[in-house]
Peer 1: 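The structure under discussion is supplied below as structure tokens; questions concerning it will follow.
All of these numbers come straight from a predicted model, not from anything done at the bench. Whatever order the structure lists ligands and atoms in, that order sets their numbers, starting from 1. Numbering starts at 1 and runs along the sequence shown.
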Amino acid sequence: MSLTASDDTIAAIATAIAAGAGSVAIVRVSGPEAEAIGRVLFKPAGEQRWESHRVLYGHVHDPSSGELVDEVLLLLMRAPRSFTRETVVEFHGHGGLVAVQRLLQLVLAAGARRALPGEFSQRAVLHGRLDLTQAEAISELVCARSQRAAQLAVAGLDGGLQQRIDGLRQRLLDQLAELEARVDFEENLPPLDATAVQDALAQVQQELQQLVADGERARLLRDGARVAIVGRPNVGKSSLLNALSRSERAIVTDLPGTTRDLLDCDLVLQGVPITLLDTAGIRATTDRVEQLGIERSRSALAGADAVLLLFELSSGWNLDDQQLLETMPQGVPLLRVGNKADLAAPGAAAPDVVAISARHGQGLELLERELLRCCGHCSEGGSLQLALNQRQCDLAQAAAIAIERSLEAGRQQLPWDFWTIDLRDAARSLGEITGAEISEAVLDRVFSRFCIGK
Ligand SMILES: Nc1nc2c(ncn2[C@@H]2O[C@H](COP(=O)(O)OP(=O)(O)OP(=O)(O)O)[C@@H](O)[C@H]2O)c(=O)[nH]1
Ligand SMILES: [Mg+2]
């Protein structure tokens, strides 16, 4: 890669920060001044040598006042044996909010610059320690909300995606080399078997299309879905949230208008992370607080990937339910759910209604299955080994389309150089997936989505 990392020293808190949470916090420093900064701030207890890849124990003092700031472990990893391939110093101090922020301030005052989101990983990529797909997999692992999403991220971390894409790119480049040689020296070379080239290209294209399809299927596993439960007051929305999350998160009473504010709850259904939203029952009301709650219900609908429209099966689908259905946002998958089936006559539900009893836990398995289907989940997603993320899918798709144009040039028996233009585009797109061919602007865009300290 021709791009280079900037040569200053960067620092950030690499662990989550919250008062009272996390007994250890890490400040990570990377760059040519990392060790010098460590030596200014940290005093080892007793006789300890500053050796690479050894843990030192001691204290951090504020150099201006001499005040003791924290008791820490210091880990020195001299270049190139570190995550960024630069010299890295990690201060492992106490967690929480205050001490670690103070430590970072001292590191910055001693000459480091605050790292941008993803900047450590970006340096790791620029120094050839990771390829782009591996760096993205780290981010995906940290963000994973289900076991399946974590498994897919780990497969990427291992370099599986890079090898797969690099292999396909290599096969394109092999064909491209043959074709380009013919463009320049056709008369000196044995004739090229156009059918064999087309077969080879079609094979690469097909494998790319399969990867794109798998990536789409994995999207739900990785990104999850926001599901809003809506309906008239008292139909059992909060009871359903409690039943699905197996908790008593929401207040349930027999008074219509109980829920006033949005309530969310995270759960995992068959490996898919779901954020379930309980909303205020929608009805005409003069109560100001309830009106505000209803406005929030409506705005929750706007951001939902799927809607569960709940009604009372026992009293039947009525005009108010119908009116509510008609105000639902277009294009968002919706499931009609008839609650209080325990009070309804058997067989009361229409064929497109899922009958449940939130109070008695009846019909919930079917509801979960229908909900996942409604969100576009298919069970084969469980067997995926590798999955491209959205950025990678878009590039793989672009490569497949460019190959198609090249195949079309072949079908029209155009000269070799018409084939090569599109093949070069395809190879470039695949190179952008792994970072083998990438511009600084693209790199900055990818890493800006990472967390700080990564
Ligand atoms: N028999 C029966 N009662 C239920 C069932 N589900 C909920 N209920 C009762 O219906 C009443 C209303 O339940 P909630 O869950 O508070 O209803 P809601 O839709 O959240 O109501 P609002 O927040 O007011 O919009 C409570 O008394 C529940 O116990 C059910 O499946 N069967
Ligand atoms: Mg409620």
Peer 1: Tell me: protein heavy atom nearest atom 22 (P) of ligand 1, and distance?
Peer 2: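 The answer is N234 N, 3.6 Å.
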
Peer 1: Counting non-hydrogen protein atoms only, what is the nearest one to atom 28 (C) of ligand 1? Give residue, atom name and distance.
Peer 2: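 Heavy-atom neighbour on the protein nearest atom 28 (C) of ligand 1: V252 CG1, 3.7 Å.
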
Peer 1: With atoms numbered from 1 as shown, which atoms in ligand 1 lie under 4.0 angstrom from a non-hydrogen atom of D342?
Peer 2: 1 (N), 2 (C), 30 (C), 31 (O), 32 (N)

Peer 1: Hey, is the main chain of L277 close enough, under 3.5 Å, to the side chain of D264 for a donor-acceptor pair?
Peer 2: no

Peer 1: Taking only heavy atoms of P256, which atoms of ligand 1 are found under 4.0 Å from at least one of them?
Peer 2: 24 (O)

Peer 1: Looking at E326, I want to see if its CD is surrounded by more than 12 non-hydrogen atoms of other residues, nucleotides or ligands under 6.0 Å.
Peer 2: yes

Peer 1: If you draw a 6.0 Å radius around CD1 in I251, do more than 12 non-hydrogen atoms from other residues or ligands fall strictly inside?
Peer 2: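 Not buried by this count: 12 neighbours or fewer within 6.0 Å.
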
Peer 1: Give the atom numbers and elements of ligand 1 that come within less than 4.0 Å of a heavy atom of V235.
Peer 2: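 Contacts of ligand 1 toward V235, numbered from 1: 19 (O).
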
Peer 1: Do you see a donor-acceptor pair shorter than 3.5 Å between the side chains of T133 and Q162?
Peer 2: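 There is no such pair (donor and acceptor under 3.5 Å, judged by atom type) between the side chains of T133 and Q162.
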
Peer 1: Would one find more than 12 heavy atoms of other residues, nucleotides or ligands at under 6.0 Å from atom CZ of R226?
Peer 2: no

Peer 1: Are any of the N/O atoms in A358 less than 3.5 Å from those in ligand 1?
Peer 2: yes

Peer 1: Is Q147 atom CD crowded by more than 12 heavy atoms from other residues, nucleotides or ligands, each under 6.0 Å away?
Peer 2: no

Peer 1: Evaluate whether atom CZ of R296 has more than 12 neighbouring non-hydrogen atoms of other residues, nucleotides or ligands under 6.0 angstrom away.
Peer 2: no

Peer 1: Pull out every atom of ligand 1 sitting under 4.0 Å from any heavy atom of S238, numbered as shown with elements.
Peer 2: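 It comes down to these atoms of ligand 1: 15 (O), 18 (P), 20 (O).
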
Peer 1: Look at the side chain of N339 and the backbone N and O of L310, then say whether any donor-acceptor pair between them is shorter than 3.5 Å.
Peer 2: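 No; zero donor-acceptor contacts below 3.5 Å.
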
Peer 1: Can you tell me if S82 uses its side chain to pair, donor with acceptor, with the backbone of T87 under 3.5 Å?
Peer 2: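 Between the backbone of T87 and the side chain of S82 there is no qualifying donor-acceptor contact (under 3.5 Å).
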
Peer 1: Tell me whether R246 contacts the main-chain N or O of L244 through its side chain, where contact means a donor paired with an acceptor under 3.5 Å.
Peer 2: yes

Peer 1: Hey, can you pull the donor-acceptor pairs under 3.5 Å for the side chains in residues 389-398, sequence neighbours left out?
Peer 2:
unit_1, atom_1, unit_2, atom_2, d
N389, OD1, R391, N, 3.2
N389, OD1, Q392, N, 2.9
N389, ND2, E136, OE2, 3.2
N389, ND2, E140, OE2, 2.8
Q390, OE1, R219, NE, 3.1
Q390, OE1, R219, NH2, 3.1
Q390, NE2, D394, OD1, 3.1
R391, NE, E136, OE2, 2.8
R391, NH1, E432, O, 3.0
R391, NH2, E136, OE1, 3.0
R391, NH2, I433, O, 2.9
Q392, OE1, N389, N, 2.8
Q392, NE2, E136, OE1, 2.7

Peer 1: For atom 17 (O) of ligand 1, what is the closest protein heavy atom, and at what distance to 0.1 Å?
Peer 2: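 Ranking protein heavy atoms by distance from atom 17 (O) of ligand 1, first comes G236 N, 3.1 Å.
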
Peer 1: Can you find an N/O atom of S239 closer than 3.5 Å to an N/O atom of ligand 1?
Peer 2: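 Yes.
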
Peer 1: Do me a favour and list the nearest non-hydrogen protein atom to atom 6 (N) of ligand 1 with residue, atom name and distance?
Peer 2: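 For atom 6 (N) of ligand 1, the nearest protein heavy atom is N339 ND2, 3.1 Å.
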
Peer 1: For T253, counting its heavy atoms only, list the atoms of ligand 1 lying under 4.0 Å from any of them.
Peer 2: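 Those of ligand 1 that fall under 4.0 Å from T253 are 11 (C), 12 (C), 13 (O), 16 (O), 26 (C), 27 (O).
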
Peer 1: So, the side chain of K340 versus the backbone of F311: is there a donor-acceptor pair under 3.5 Å, distance only?
Peer 2: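 Side chain of K340 to backbone of F311, a donor-acceptor pair under 3.5 Å: no, none is there.
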
Peer 1: Students should be able to answer this: which protein heavy-atom is nearest to atom 10 (O) of ligand 1, and at what distance?
Peer 2: K340 NZ, 3.0 Å

Peer 1: Which of the atoms of ligand 1 are close to S357, meaning less than 4.0 Å from one of its heavy atoms?
Peer 2: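 By the 4.0 Å cutoff, the relevant atoms are 30 (C), 31 (O), 32 (N).
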
Peer 1: For atom 30 (C) of ligand 1, grab the closest protein heavy atom and report residue, atom and distance to one decimal in Å.
Peer 2: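 Closest protein heavy atom to atom 30 (C) of ligand 1: R359 CB, 3.4 Å.
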
Peer 1: Give me the number of protein N, O or S atoms whose distance to the Mg ion (ligand 2) is under 2.8 Å.
Peer 2: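 Atoms of protein N, O or S type lying less than 2.8 Å from the Mg ion (ligand 2) total 2.
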
Peer 1: Can you sort out which atoms of ligand 1 are near K237, meaning under 4.0 Å from one of its heavy atoms?
Peer 2: 15 (O), 17 (O), 18 (P), 19 (O), 20 (O), 21 (O), 22 (P), 25 (O)

Peer 1: Among G257, P233, G281, whose heavy atom sits nearest atom 24 (O) of ligand 1?
Peer 2: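 Checking each option, the heavy atom nearest atom 24 (O) of ligand 1 is found in G257.
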
Peer 1: Please check if the side chain of D352 supplies one atom and the backbone of R336 the other of a donor-acceptor pair under 3.5 Å.
Peer 2: no

Peer 1: Any sub-3.5 Å donor-acceptor pair from N242's side-chain atoms to A250's backbone N or O?
Peer 2: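 Yes, because the side chain of N242 sits within donor-acceptor range (under 3.5 Å) of the backbone of A250.
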
Peer 1: Taking only heavy atoms of L255 into account, list the atoms of ligand 1 that are under 4.0 Å away from them.
Peer 2: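 Listed by number with element: 24 (O).
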
